[in-house]
Amino acid sequence: MANKIMTAQEAIADIKDGAVIMVGGFMACGTPEILIDALVEKNVKDLTIICNDAGVPGRGVGKLLTNGQIKTLIASHVGLNPEVAQRMNTDVEEDKLECILIPQGTLAERIRAGGAGLGGFLTPTGVGTIVAEGKQVINVEGRDYLLEMPLKADFALIRGSVTDKFGNTIYNGTTQTFNPMMATAAETVIVGACEVVEVGELDPNNVRTSGIFVDRIVEGEKPWQI
């Protein structure tokens with residue numbers, strides 16, 4: 001069995017400028033801070049970040065935003081980080097942020113579709129609003145739906161509460177938000193884990209992400225605190 005355990009710096013070493021990265025969590029709950037910190041240290045630029053939100057100042061992807069590393073943010077809820085609006089409206093072109101807002105359920109399903117290898121899905125959410133601009137509308141049994149396309153990424157940074165050395169991962173409570181689906185929708189999946197145990201120690205009934213999806217494991221993630 002290949003050794004997937006490595007340092008945070010080793011795990012993110014091949015993330016280059018312009019990479020597309022999915023980051024798990026909701027308002028940084030479930031976001032792997034140890035991996036975010038390594039990205040800040042590496043200072044890669046022009047990233048496309050797919051995340052439920054923009055974190056909050058000083059936590060989660062908010063750190064990447066403050067450090068000027070995000071070019072495009074694809075997210076659902078950005079209201080708790082005022083820097084998003086500031087960066088969207090700046091007159092300094094090199095600091096300008098492209099923010100693509102997607103309804104939360106649609107964002108989740110687009111990621112799920114990417115992981116499942118689907119060509120897209122139909123949803124009534126957004127029909128007749130600006131969400132529908134540029135999208136194909138399909139009528140099914142008299143009702144209009146938008147065709148939403150799948151989302152995929154080069155890397156997914158996810159946070160595990162307990163992970164075994166193969167990558168089988170358990171998430172505690174709401175820290176699982178977006179993590180399991182993102183683990184299926186990226187070419188390379190990196191887990192920042194609070195605890196790493198031997199293979200066979202986890203109850204398979206509690207595993208939410210199978211180790212077959214996980215490429216790299218970094219131990220040392222801190223338990224989430226408000």
Side-chain angles (χ1 to χ4, degrees), residues 1-8 10-12 21-38 49-53 55 59-61 75-77 102-121 123 148 150-226:
M1 184 176 70
N3 181 17
K4 299 180 181 181
I5 308 293
M6 56 189 71
T7 67
E10 291 170 338
I12 61 97
I21 305 173
M22 290 181 176
V23 181
F26 186 106
M27 290 302 153
C29 177
T31 297
E33 300 287 349
I34 194 171
L35 302 179
I36 296 293
D37 290 343
I49 298 295
I50 302 170
C51 186
N52 174 72
D53 50 76
R59 179 172 280 186
V61 299
S76 176
H77 176 31
I102 301 175
Q104 192 169 91
T106 300
L107 177 63
E109 289 304 314
R110 288 183 65 181
I111 295 168
R112 200 187 319 275
L118 302 179
F121 65 95
T123 176
E148 294 284 359
L151 279 173
K152 299 181 182 180
D154 302 315
F155 297 88
L157 308 184
I158 67 175
R159 178 194 186 280
S161 298
V162 187
T163 301
D164 71 19
K165 291 183 177 180
F166 181 61
N168 297 309
T169 299
I170 291 173
Y171 310 96
N172 289 335
T174 56
T175 64
Q176 68 186 295
T177 309
F178 279 89
N179 282 302
M181 65 186 73
M182 286 182 172
T184 69
E187 292 296 322
T188 300
V189 177
I190 309 172
V191 178
C194 296
E195 180 183 2
V196 176
V197 299
E198 295 294 333
V199 174
E201 290 190 34
L202 298 181
D203 182 347
N205 292 305
N206 295 328
V207 170
R208 291 296 312 278
T209 293
S210 169
I212 62 172
F213 293 108
V214 175
D215 300 287
R216 302 165 192 172
I217 304 165
V218 178
E219 188 173 13
E221 178 69 18
K222 302 298 183 184
W224 196 85
Q225 296 179 347
I226 296 176

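Values reported hereafter were calculated over all heavy atoms of this structure, with side chains retained and with hydrogens, waters and symmetry mates removed.
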Hey, are the side chains of [X] and [Y] touching, using non-hydrogen atoms and a 4.5 Å cut-off?
X	Y	answer
F166	I212	yes
T163	C194	no
T175	R159	yes
E109	T123	no
L151	L107	yes
S76	D53	no
I111	F178	yes
T209	Y171	yes

Give me the atom names and distance for the closest heavy-atom approach of [X] to [Y].
X	Y	value
C51	V23	SG-O, 3.4 Å
M182	A156	O-CB, 3.5 Å
K165	V196	CG-CG1, 3.8 Å
A183	F213	O-CB, 3.4 Å
V197	E195	CG1-OE2, 3.6 Å
T174	C29	OG1-SG, 3.7 Å

Side-chain ([X]) to main-chain ([Y]) donor-acceptor, under 3.5 angstrom:
X	Y	answer
E221	I34	yes
R59	A28	no
T177	F26	no
N168	G211	yes
K4	V214	yes

Does NZ belonging to K152 count more than 12 external heavy atoms closer than 6.0 Å? no
I need the [X] [atom1] to [Y] [atom2] distance, nearest 0.5 Å.
X	Y	atom1	atom2	answer
L202	T169	CG	OG1	8.0 Å
I21	I190	CD1	CD1	8.0 Å
I5	E219	CD1	CD	7.0 Å
L157	I12	CG	CD1	9.0 Å
Q176	I170	CD	CD1	11.0 Å

Partner of I158 under side-chain contact (heavy atoms from CB on, under 4.5 Å), chosen from V189, T31, L35: V189
Under the side-chain contact (heavy atoms from CB on, under 4.5 Å) rule, what do H77 and M27 come out as? Steps first, then yes or no, please. CA-CA 9 Å; H77 176 31; M27 290 302 153; 3.0 Å; yes
For E33, which residues count as a salt bridge (charged side-chain N to carboxylate O under 4.0 Å, His left out) partner, sequence neighbours excluded? K63
